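A note on names: the letters A, B, ... follow the listed sequences, proteins ahead of strands, and every chain is numbered from 1. The structure presented is a predicted model; accordingly, all values stated were derived computationally and were not measured.
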Amino acid sequence: MKIAVPSLAGIASLALALISAPGMLAPAAAADDAGIVVYNAQHESLTQAWADGFTKETGIKVTLRNGSDTEFGNLIVQEGKGSPADVFLTENSPAMVLVDNAGLFAPIDPETLAEVPEQFRPAHGRWVGVAARSTVFAYDKTRLTEDKLPKSLLDLADPAWKGRWAASPSGADFQAIVSALLELKGEAATLNWLKAMKQNATAYKGNSVAMKAVNAGQVEGAVIYHYYYFGDQAKTGENSKNVALHYFRNQDPGAFVSISGGGVLASSQHPKEAQAFLKWVAGKGGQEILKTGTSYEYAVGVGAQSNPKLVPLDDLQAPKVEASKLNSAKVTELMTEAGLL
Amino acid sequence: MTAAHPTAEIGRPGRLALPGAGARRRLAAPWMVAAAVLVALATLLPLGFVVAVAIQTGWTTASALIVRPRVGELLVNTALLVALTVPISAVLAVALAWLTERTDLPGARLWSWLAVAPLAVPAFVQGYAWVTLIPSLEGPLAGVLVSVIAYFPFLYLPVSATLRRLDPGLEDAAASLGHSPWRVFFRVVLPQLRLALCGGSLLIGLHLLAEYGLYVMIRFDTFTTAIIDQFQSSYNGPAANMLAIVLVACCFGLLGFEAGLRGRARYARVGAGADRQPQPRRLGRARLPCLALPAIVTALALGVPCVTLARWLAAGGAEIWRFDEILRTLGQTLGLALIGAALTTLAAIPMAWLSIRAPGRLQRLLEGSNYIVGSLPGVVVALALATITVRVALPLYQTAATILFAYVLMFLPRALVSLRASIAQAPVELEQAAHSLGRSPAGALWAVTIRLAAPGAAASMALVGLGITNELTATQMLAPNGTRTLAMAFWAYSSEIDYAAAAPYALMMVLLSLPLTWLLYVQSKRTAGR
């Protein structure tokens, strides 16, 4: 006890000293003027690989702040012009639309836009697609055969599917799929489908967890994105041994291909570096990482190749959805109304 | 400081045996009141934010968001969780404490350490361990099982410490009056455990309300998981804030319940009492069955995480050990935990002192406000601070100061519970004696009570440090760019179900928590005043 009293006082004064020493806990915040801050809602490992590659080539430091699509989209809107972010990367388009509607994006350099074909970026050019992901129905191949699979995403609203399928409704991925459904089929149909989903589906937190449940035989199938399966297969395969992927195709809402976006904030203090980063990601270097890395997302650059293990993008028969119109706020509202959130 | 202003505003002294108003005035109360009021005002910031949003939202929208089936589901889930987990943990903790402190159980010291050790395993690491062992584990019963395993040490710790300090003379007296051992236990021992049981139960209850990672792992929705779902879908939309309002109401309920149970009895005694150890009860033939209880609990609470971690570490091989990243993460976690723990303990001292020395209506109000904010999920505190700093204090936005401030708000209850129990054991008469011998009020406080409460302060620091090491959501939202704690790294990997890559971070969190847990254990074994 004689030791305890001075040590408490000692630790307190140490604490004060540490706090008053600038940058003690914030080595990357503001200390380095040349670096950029990326609000990253993409998978950390992918963006880290992008950042490392970019830094290696240009010497510009990249600091990542990791979170999820809509969380960051709304945060940036809250932060407004005071946002410390220079670049915003998402997994899906709706969060980009959110920030764009608030007028917070700067126009993307024309050279960067030229790296990406028109179908993977909005015409207004205030953000750009950097990767893509396909909706799939991941099913337990030991229990379902091809003839028993749903023909359309809408079939899953049928009472016959009650208790048999899963999704991750709280995730940005699934909400992007719903936003496509909303865009394609309208509000009433979407709400009805969501209400049926509340009855029929099991909710998991995260696509990988939903796939794991399919693999463990807890549920027959799950609406997720394709690359969770490929990623797990490339690692231990432990969570996808019994899983196969069903692509809806036929321009079905369930064949939706979601565009991961990148944008530069109008308030950025380092606009040149931020634009350079996005150009690198959309260009050869960044797209090559998509092909050779472990993310298994689709490359979207002009002439860029995706990982050869994937079903080619052109074969997916995705529905035509204008990415700049996807409405995340409305989707959240409908999902709340359906009792999913 | 003249004693011109009596401490009338503190309210009636309750049943605390004070020699008289004159003596009371000489304690360092006005300073302490001022400090406690300041801390309490700070703790009310997030609550004020939630209420302000509710008012802005308007009655029609608010009621539509609160009165809906989803909220009913969450209410049932959350209530069920608390109503089952807390009593089961209490029975388990008392049984284990009795076996390890009062009987000739073989290896009692070892079992007693093993009953505290699960504190070193963060709740979401427990969830990770259980879910990879039994992938189908989910729902309310799974929630109760893993919650009891993760949180019962919060009850075991104070209960066993109190058991150890109890004056065996009281039990002897009861026994000599012809009471059976069971009757002695229920009439004499159990009532004296009341403070420990109430404090520990409240702590567990608040944790259950605020826990996130564990319930995501085992797929069990509570208000906190739903609030975070809403936040991730719309950041700070009205729906999330309305869920937060209901959660705050749950906390009020819990606090009121605990206050009612705790009562106002006095637990300190003057002098060392009968200076002897109680006679350990012989278990005789019951030995083996009695051994089964700590053995099973240890297997569940420590065995499962150890086996899981070992399995993933082996499966991951050498490539999961990215040492540069791991070391950087470890350093940042250590820094935040150490500083946050010291600040939180300092902030808790005035309140803890007041609650023992000058209990009353104002004190209850102040203390209650501390607990309420401590029971808000980190994400609510974080959102409030993020919005407030963005709007009115931009230079503070995403700085070390803000995240540390959030830690103080969130972990104040932990510091309070440890400090309060310790100060309660430091007789007020000694402080008054020091003063009458010529010390200033503050000097008397420092020389006597603070020193006697030092074990409590150490325990408080350890508990808060543990909390910060395992904190996730607020750190993610408020910490400066580039911050990466062990918990953040673990969560990032495990939510991509890269369980192998997550394992080294889980191991580091456990290793980091072990010495803190050990400190807690040692402090709880010391007898105050010796």
Side-chain angles (χ1 to χ4, degrees), chain A residues 1 4-5 7-8 11-12 14-15 18-19 24-29 37 43-45 63-71 73-75 77-80 82 84 169-172 175 203-206 208-209 211-213 216 218 228 231-232 235-236 239 328-329 331-332 335-336 339-341, chain B residues 65 68-70 73 135-136 138 216 219 221 225-226 228-237 239 315 332 335-336 338-339 341-343 345-346 386-387 390 394 397-401 403-404 450-452 454-455 457-458 461 476-477 479-483 488 492 495-500 526:
Chain A
M1 229 156 45
V5 173
S7 71
L8 176 64
I11 289 167
L14 175 73
L18 281 174
I19 290 168
M24 186 64 203
L25 278 166
V37 171
H43 283 206
E44 271 184 64
S45 38
T63 302
L64 298 187
R65 187 176 184 85
N66 297 302
S68 70
D69 276 11
T70 16
E71 184 186 351
N74 285 289
L75 175 63
V77 172
Q78 291 251 325
E79 290 171 349
S170 60
Q175 291 175 12
Y204 289 89
K205 296 251 186 329
S208 9
V209 185
M211 180 179 73
K212 190 175 148 238
Q218 288 168 269
Y228 295 94
D232 193 70
K235 274 180 285 190
T236 56
N239 296 299
S328 61
V331 165
T332 314
M335 291 180 74
T336 304
L340 289 161
L341 288 177
Chain B
L65 285 169
R68 60 189 181 108
R70 175 71 175 155
E73 283 169 30
S136 60
E138 60 180 41
V216 171
R219 220 177 68 74
D221 280 341
T225 64
I228 289 175
D229 284 353
Q230 277 287 353
F231 272 129
Q232 286 178 345
S233 305
S234 60
Y235 198 61
N236 68 341
Q332 293 193 352
L336 286 173
L338 191 66
I339 301 171
L343 288 176
T345 305
L346 282 179
T387 314
V390 162
L394 201 55
Y397 180 59
Q398 288 181 359
T399 58
I403 183 66
L404 289 169
I450 299 284
R451 290 200 177 204
L452 288 178
M461 288 209 31
Q476 267 173 336
M477 290 177 66
N481 289 321
T483 305
M488 286 162 87
S495 55
E496 288 181 30
I497 56 171
D498 194 346
Y499 292 139
R526 288 194 187 171

Residue part contacting chain B, namely of Ala216(A), when any heavy atom lies under 4.5 Å = side chain
Contacting moiety of Ser495(B), where chain A heavy atoms sit under 4.5 Å = backbone
Can you say whether Leu65(B) sits under 4.5 Å from chain A via the side chain, the backbone, both, or neither, judging by heavy atoms?
-> side chain
Looking only at heavy atoms, which two atoms of Thr336(A) and Arg68(B) are closest? And how far apart?
-> O-NH1, 3.1 Å
Atom of Glu44(A), atom of Ala492(B) and distance for their closest heavy-atom approach = OE2-CB, 2.9 Å
Flag the pair Lys205(A) / Asp221(B) as yes when at least one side-chain heavy-atom distance between them is below 4.5 Å, and no otherwise.
-> yes
Counting only heavy atoms closer than 4.5 Å, note whether Pro84(A) contacts chain B via side chain, backbone, both or neither.
-> side chain
Heavy-atom pairs under 4.5 Å with chain A are the metric here; pick the option from Ala315(B), Ala479(B), Ala226(B) that has the most.
-> Ala479(B)
Gap between atom CG of Asp229(B) and atom CE of Met335(A) - 0.5 Å precision | 9.0 Å
If you take all heavy atoms of Leu341(A) and Arg70(B), which pair is closest and at what distance?
-> O-CG, 3.4 Å
Interface check, chain B: of Ser170(A), Ser45(A), Gly82(A), Ser208(A), most non-hydrogen pairs under 4.5 Å belong to Ser208(A)
Heavy-atom distance under 4.5 Å to chain B: side chain of Gln175(A), backbone, both or neither?
-> side chain
Under 3.5 Å: donor-acceptor pair, side chain of Arg219(B), backbone of Ala203(A) | yes
Test side chain to side chain contact (heavy atoms under 4.5 Å, CB included) on Tyr499(B) and Lys235(A) and set out the steps.
-> CA-CA 11 Å; Tyr499(B) 292 139; Lys235(A) 274 180 285 190; over 6 Å; no
